[in-house]
Amino acid sequence: MTAKSRLAPLKGSTIPRLELAGVLEAVRLDKLLQEELEMDLEESLYWTDSTIVLWYLQNTEKRFQTYVANRVAKILEHTTATQWSYVPTSENPRDDASRGMTAEDLVNDERWNKGPGFLYQDRSNWPRQPAFNCAKLEKMAKVKPSLVVYVINTEDYMGKLISYYSWHRIKKAVAWFLRLHQMLRKKSYQRGPLVADELRTAEEAIIRHAKKMLLDDKNTRLGILNPKKSASGLLLVGGRLTNSKHEDCTKHQLILPSEHLVSKFMVDDFHPRAGHAGVEYILADTRRRYWIFKGRKLVKKIVHQCITCRKLRGKAEVQQMASLPESRVTPFEPPFIRVGVDYFAPFMVKRALSQVKRYGCIFTCLSIRAVHIEVAHTLDTDSY
Ligand SMILES: [Zn+2]
C-alpha cells in the first residue's frame with residue numbers, strides 16, 4: 001500500500017542508531033495508516049533485520065544513552081516488543097528501496113510487490129530471531145568513535161589558558177607563547193630565559209584580553225573613573241592626580257574587570273605577599289598599579305576563602321567548664337564564711353635601718369565578691 005525510505009544524515013551517525021531511526025519511521029507510518037485508512041485494522045506486525053534494535057526493544061535491564069532511550073520509548077509507546085519480529089537481511093525488501101532498482105526490475109520484482117516469501121507460510125515457519133543477549137547488546141550499543149576532534153573556540157583560547165594558572169605562571173606561559181609567536185612569524189626574537197621586557201609584554205597581553213570583558217560588561221560604569229588610553233591601548237584611570245609627583249603607574253592605574261580570572265589571580269598574588277593582611281591593606285596595595293572594579297568585594301571574597309587568614313583570625317576555643325561547687329552558689333550566708341586564699345608579692349619594706357620582705361595575703365569570699373587583704377610577715381604557717 002505504501003512505502004517510505006529516508007536518506008541517512010550526512011553527519012556521522014552509527015549503524016544501530018540509523019536502524020533505530022528506521023524502525024521509528026515504520027511506527028510512524030503505521031500510525032498514519034491506522035488513522036487515514038477508513039478500515040478496522042486488527043493487529044500490526046513489524047519486521048526488522050536489525051538484531052540490536054530488537055534487543056533494544058526487549059531490554060528491561062540496561063539503561064541507554066539519551067538518544068537511544070528517547071527513541072525506544074517512542075516506539076514502545078505505540079507498540080509492544082512482541083509485535084516485532086526478525087527478518088533475515090536476504091529476505092528484507094527494504095534493500096530494494098534503499099539501494100535502488102531499475103523500473104523494469106521493480107515491476108518484475110516479486111519480493112517488493114508481495115513481500116518476503118515466508119509471509120505466505122504458517123507462523124511456525126517464520127524466521128526465528130536471535131535470542132536476547134544482554135551482555136552482547138551492551139557491547140554492541142557502546143559504539144566508540146574512532147576519532148575525537150576537539151574544537152577550540154579561538155575567541156576564548158586565552159580564557160581557557162588563563163584558567164589553568166596563577167598570576168605569575170600565566171605571565172610566564174603567555175610570555176613563552178608570545179615568543180613562539182615571534183619565532184613562527186620569523187621575526188627576530190629573544191633567546192635564552194625570559195627577560196623582564198617579555199614578562200611586561202605578556203602582562204599587557206593578558207590585561208588587553210581582560211579589557212574586552214570590561215567593555216562588554218554593561219554593568220561596569222567606566223565613566224566614573226574618567227578613563228584614558230595608554231600608549232599601548234590599555235585603559236587607565238584618569239583621576240585628578242596628573243600633577244602629583246607619584247609614579248605614573250600609581251596615578252593612572254590599569255583598569256581590570258571585577259569578574260575576570262586575571263583580577264582574581266592578581267589579588268591572589270598580592271594577598272600572601274602582603275602577609276595575609278586585611279582587606280583594606282590589600283586593596284590599597286593592588287591600587288598602586290591596578291584598579292579592579294568592585295575590588296573590595298573581590299578582595300573580601302579571597303580573604304574570606306584563604307585558609308591561612310582563617311587560621312590567623314580564628315577565635316580560640318573555650319573550655320567547657322564544670323558546674324560550680326556548692327560553696328560558690330549557697331546564698332544568704334554572711335561574707336567570708338567560705339574563702340579562697342592566695343599570697344602575692346614580696347614587697348620590700350623598710351624596717352629600722354634594714355629592708356625586709358613582706359607579703360600580701362588575700363582572702364576572697366566564695367559566694368560574694370568580697371575581698372580582704374592582710375600582711376603576712378613571713379611565709380611560714382605561724383605567720384599565716
Ligand atoms: Zn590569607
Side-chain angles (χ1 to χ4, degrees), residues 166-169 196 237 239-241 243-251 253 263-292 294-384:
S166 67
W167 179 231
H168 189 61
R169 287 177 61 199
V237 174
R240 299 177 63 200
L241 296 177
N243 298 325
S244 138
K245 292 204 161 52
H246 277 105
E247 281 177 76
D248 272 352
C249 64
T250 310
K251 286 190 292 188
Q253 301 99 323
S263 318
K264 186 183 167 290
F265 286 152
M266 201 86 81
V267 179
D268 270 343
D269 185 56
F270 273 96
H271 176 61
R273 278 202 286 139
H276 296 271
V279 173
E280 295 302 321
Y281 184 91
I282 294 161
L283 191 67
D285 212 19
T286 57
R287 283 190 178 165
R288 279 156 58 182
R289 282 208 65 191
Y290 309 100
W291 190 284
I292 302 170
K294 295 181 190 159
R296 186 171 282 105
K297 194 176 148 196
L298 179 70
V299 173
K300 258 187 193 166
K301 191 173 149 197
I302 285 169
V303 169
H304 186 73
Q305 285 169 351
C306 173
I307 292 173
T308 312
C309 281
R310 284 256 175 132
K311 283 179 180 165
L312 289 176
R313 292 179 181 78
K315 272 188 195 159
E317 290 295 321
V318 183
Q319 182 75 40
Q320 173 76 50
M321 303 291 270
S323 298
L324 294 169
E326 200 189 336
S327 52
R328 289 281 307 277
V329 291
T330 311
F332 313 126
E333 282 179 336
F336 299 110
I337 292 287
R338 294 172 234 255
V339 292
V341 181
D342 200 8
Y343 270 40
F344 59 92
F347 298 106
M348 302 309 289
V349 175
K350 203 172 173 193
R351 188 166 171 245
L353 290 174
S354 62
Q355 285 207 320
V356 290
K357 285 180 181 173
R358 288 291 180 264
Y359 303 87
C361 178
I362 181 165
F363 296 88
T364 315
C365 174
L366 289 185
S367 55
I368 65 168
R369 283 283 170 206
V371 171
H372 178 77
I373 299 171
E374 286 283 340
V375 178
H377 290 251
T378 60
L379 285 178
D380 55 29
T381 317
D382 286 349
S383 168
Y384 173 70

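Being a predicted model, the structure only gives us computed values, none of them experimental.
How far NE2 of H271 is from CG of D285: 11.5 Å, rounded to the nearest 0.5 Å. If you take CG on L241 and CG on D248, they are separated by 11.0 Å, rounding to the nearest 0.5 Å. Atoms NZ and CD, on K350 and Q355 in that order, are 8.0 Å from each other to the nearest 0.5 Å. Rounded to the nearest 0.5 angstrom, S263 OG and I302 CD1 are separated by 9.0 Å. Put simply, CD1 on I282 and CG on D269 are 11.5 Å apart, with the number rounded to the nearest 0.5 Å. Rounded to the nearest 0.5 angstrom, R288 CZ and H246 NE2 are separated by 9.5 Å.
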Sequence neighbours left out, cut at 3.5 Å: what donor-acceptor pairs do the side chains of residues 358-374 make with other protein atoms?
{"unit_1": "R358", "atom_1": "NE", "unit_2": "H377", "atom_2": "ND1", "d": "3.4"}
{"unit_1": "R358", "atom_1": "NH1", "unit_2": "H377", "atom_2": "O", "d": "3.3"}
{"unit_1": "H372", "atom_1": "NE2", "unit_2": "E374", "atom_2": "OE2", "d": "2.8"}

For residues 334-347, which side-chain N or O atoms pair as donor and acceptor with protein atoms under 3.5 Å away, sequence neighbours left out?
{"unit_1": "R338", "atom_1": "NH2", "unit_2": "E333", "atom_2": "OE1", "d": "3.4"}
{"unit_1": "R338", "atom_1": "NH2", "unit_2": "E333", "atom_2": "OE2", "d": "2.9"}

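Of all the heavy atoms in R287 and I292, the pair that sits closest is NH2-O, 4.5 Å. Contact record, K251 with S244: NZ-O, 3.1 Å, taken as the closest heavy-atom pair.
For the pair T308/P272, no side-chain contact is recorded, criterion being any heavy-atom separation below 4.5 Å from C-beta on. Using a 4.5 Å cut-off on side-chain heavy atoms (C-beta onward), Q305 and R310 make no contact.
Heavy-atom contacts from other residues, nucleotides or ligands closer than 6.0 Å to CZ of R273 number more than 12.
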